[in-house]
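Residues: numbered from 1 along the sequence shown.
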Amino acid sequence: MQGTKTGTNKYPFSKLKKGAKLGIILFLVLSITLYTFLYTISDYKNMPYFVYKFIYVITQRERRNEIMLLDTDKQKFVDDIAKYVQKYAGSYGISVHSPIIAQAILESGWGKSRLAADYHNYFGMKCGTKWTGPSVNMTTQEEYTAGTLATNKDNFRVYDNMENGVKGYFEFIQLSRYENLKGIVNPQKYIETIKNDGYATSSTYVDSLMQIIKIYNLTSYDSAESVEGEDIMGSRQAMVAKMKSWIGKNEVDGSFREIIDIYNSHTPRARGYKLQYSDEWCAGTVSAAAIATGNTNAVPLEVSCHYMIEGAKAKGIWVEIDSYVPQGGDIILYDWQDSGIGDNTGNPDHVGVVEYTSGGIIHVIEGNNGEKVARRELSVNGRYIRGFIVPKYSNNTASGGSSTPTVSGTINELARRVIAGEFGSGDARKNALGDKYTAVQERVNEILNGTASTPSKSVSEIAKEVLAGKWGNGADRKNKLTAAGYNYNEVQAVVNSLNKKSVTTIAKEVIAGKWGNGSDRKKKLESAGYNYNEVQKEVNRLL
């Protein structure tokens, strides 16, 4: 009698019919796939090893290839966005780049969202009441309640290319509620501030952007002083940051007393005087900021504007030239009786700390401005300027003890800084200025000899005059602008921007036959500064 088989050997797999085998195999594959999916969306760490290994083997090559492709695309997107962020940020008072690049990545899905790809809006900017340009109505999701997304439709701004889309971001944050972004140099603080200002509703906005910055090392696009500089004691950035943190403190609610208390906490006090709550407190505010940020050796501590100037002269950091172009952290003093003619030498009435200078406008933060800490704006070389204190902040000194000022700005601006003593003298000045030394020194001599003309108009104003034909062409234009103290390249860049037509306008000209065909068209468009692919895309759309 044949023995009886038991267990799994009763029905050997090899004896099953072909259809049954295929059915079992298909069932197992589908089961593993479903099992994997459920664990992947819940907790991949609990996935059985054999399931993980099975999926890994059949997908790893494809996954690796996909990641490599995405990395290439991502890097190009970052580089393209960063180029325009770095180009425009400074002129709008923004001192850090990495959070803005991260915003573009997050808001546009690496430039792949329809709003970004078709309309060059990389930051999800809605129209609002001030926008007069083209718009598109699209669906959006907002997280008004944490964890809950609400879907609705809204109108979004439309731009004709990436550069204008990035520039549009800086124009957008000129709204008054974003004023507090100016001068921030710490990426996380920038993100937290713009989130609190109402730019985004997502409860994870700050964390998401900071992860993007860290994963893709976006701080490499910031200047050396922009990563953590704001928190460095003894620095320009710390001085400006402290003044910004006091904006709004006032006499009405008594919050200004914190500033007076900081000043009085430091001994010895200037001329032994204890500042009273009933006293004028503008000079005391500047001094308190210096005390709070470890800048007591750099800034003359005083409660009197007059004696603050005397202290600056004693330190060799007083600049009598009204046309000096100050940096953030410099101290500006005013004389309300200034006639506006020549360098004022009258009695000083008020003082504040420069936040930044941009486009010929000095942005200042002052204590006791209308009985509160507030901002003021005035033109470079404008009326009421008494002069400047240019502190020698410790973070401006290299480890070897030599001054390391940045060599940026126009020849005229650098010359003014040389006269103020910022670049030293002799070989030290020559080494610091590098290939700009000869031009700057010639300008210094002109200023000191009284033969130099001082630029009194903004770059935008001069650019409009160039378009009107007032500055000639070619080398003649360059020589005239340089002689007048303007940076030719800066002026020409604005001229090109003002003179440039929209992509849609150029596309219509292409259709009308004004730009030729084929390679000839491409060459003409690119030599004129237009993106051939963008123009051709618009041509196809119009046709």
Side-chain angles (χ1 to χ4, degrees), residues 73 76-89 91-92 100-101 103-105 107-140 153-175 459-460 463-464 466-469 491-543:
D73 290 344
K76 184 179 185 310
F77 178 76
V78 168
D79 289 342
D80 289 345
I81 287 289
K83 175 175 63 177
Y84 297 123
V85 170
Q86 291 172 326
K87 178 178 179 179
Y88 290 107
S91 61
Y92 287 90
I100 301 167
I101 301 169
Q103 282 183 290
I105 292 171
E107 298 281 359
S108 74
W110 297 94
K112 307 251 183 229
S113 71
R114 184 175 169 229
L115 184 60
D118 293 348
Y119 303 107
H120 300 289
N121 184 335
Y122 302 91
F123 300 91
M125 295 175 294
K126 297 174 183 176
C127 289
T129 58
K130 295 184 178 296
W131 179 247
T132 58
S135 65
V136 60
N137 188 267
M138 299 184 74
T139 300
T140 181
K153 282 186 168 291
D154 214 324
N155 294 319
F156 292 83
R157 302 184 178 199
V158 171
Y159 299 93
D160 56 8
N161 56 48
M162 177 180 280
E163 180 172 1
N164 286 335
V166 175
K167 184 180 179 182
Y169 169 87
F170 293 107
E171 293 172 343
F172 181 83
I173 61 173
Q174 295 308 295
L175 295 172
V459 172
S460 295
K464 291 176 182 177
V466 167
L467 289 173
V491 173
Q492 195 59 47
V494 176
V495 169
N496 295 340
S497 176
L498 293 173
N499 204 29
K500 202 170 183 180
K501 300 176 183 178
S502 71
V503 171
T504 300
T505 299
I506 295 299
K508 291 178 180 178
E509 291 183 359
V510 167
I511 295 172
K514 294 184 179 180
W515 291 85
N517 295 292
S519 59
D520 181 51
R521 175 190 297 172
K522 183 175 182 180
K523 184 177 180 180
K524 287 181 179 179
L525 287 170
E526 291 180 347
S527 64
Y530 296 100
N531 184 305
Y532 171 78
N533 292 328
E534 288 183 359
V535 173
Q536 197 58 46
K537 181 179 178 181
E538 183 68 5
V539 168
N540 296 337
R541 187 185 72 82
L542 293 173
L543 292 175

Which value, rounded to the nearest 0.5 Å, describes the distance between Arg114 atom CZ and Ser108 atom OG?
-> 15.0 Å
NZ/NE/NH1/NH2 to OD/OE distance under 4.0 Å, Asp80 and Lys76 = yes
Roughly how far, to the nearest 0.5 Å, is OG of Ser135 from NZ of Lys126?
-> 13.5 Å
side-chain contact (heavy atoms from CB on, under 4.5 Å) assessment of Tyr88 paired with Glu163 | CA-CA 9 Å; Tyr88 290 107; Glu163 180 172 1; 2.5 Å; yes
Report yes if some heavy atom in the side chain of Lys167 is under 4.5 Å from a heavy atom in the side chain of Tyr84; otherwise report no.
-> no
If you round to the nearest 0.5 Å, how far is CD1 of Ile173 from CD1 of Ile100?
-> 5.5 Å
Exactly one of Tyr169, Phe172, Phe156 clears ring pair (Phe, Tyr, Trp, His ring centres under 6.0 Å) with Phe123, and that residue is Tyr169
Do Ser113 side-chain atoms and Gly109 backbone N/O form a donor-acceptor pair below 3.5 Å?
-> no
Test item: side-chain donor near acceptor, Arg157 and Tyr119, under 3.5 Å | no
Minimum heavy-atom distance Tyr122-His120, with the two atoms named = OH-ND1, 2.9 Å
Indicate yes or no: at least one non-hydrogen side-chain atom of Trp515 is less than 4.5 angstrom from one of Asp520.
-> no
Separation between CE (Met138) and CG (Asp154), nearest 0.5 Å, reads 11.5 Å
Mind checking salt bridge (charged side-chain N to carboxylate O under 4.0 Å, His left out) for Glu534 and listing every partner two or more places apart, or none if nothing turns up?
-> none
Show which side-chain atoms of residues 536-543 pair as donor or acceptor with protein atoms under 3.5 Å away, not counting sequence neighbours.
unit_1, atom_1, unit_2, atom_2, d
Gln536, OE1, Arg521, NH1, 3.0
Lys537, NZ, Ala117, O, 3.4
Glu538, OE1, Arg541, NE, 3.2
Glu538, OE2, Thr504, OG1, 3.1
Glu538, OE2, Arg541, NE, 3.3
Glu538, OE2, Arg541, NH2, 2.7
Asn540, ND2, Gln536, O, 3.3

What closest approach, in Å, do Tyr159 and Asn164 show between heavy atoms, and which atom pair accounts for it?
-> CD2-O, 3.4 Å
Just how far is it from atom NZ of Lys83 to atom CE of Met162, taken to the nearest 0.5 Å?
-> 8.5 Å
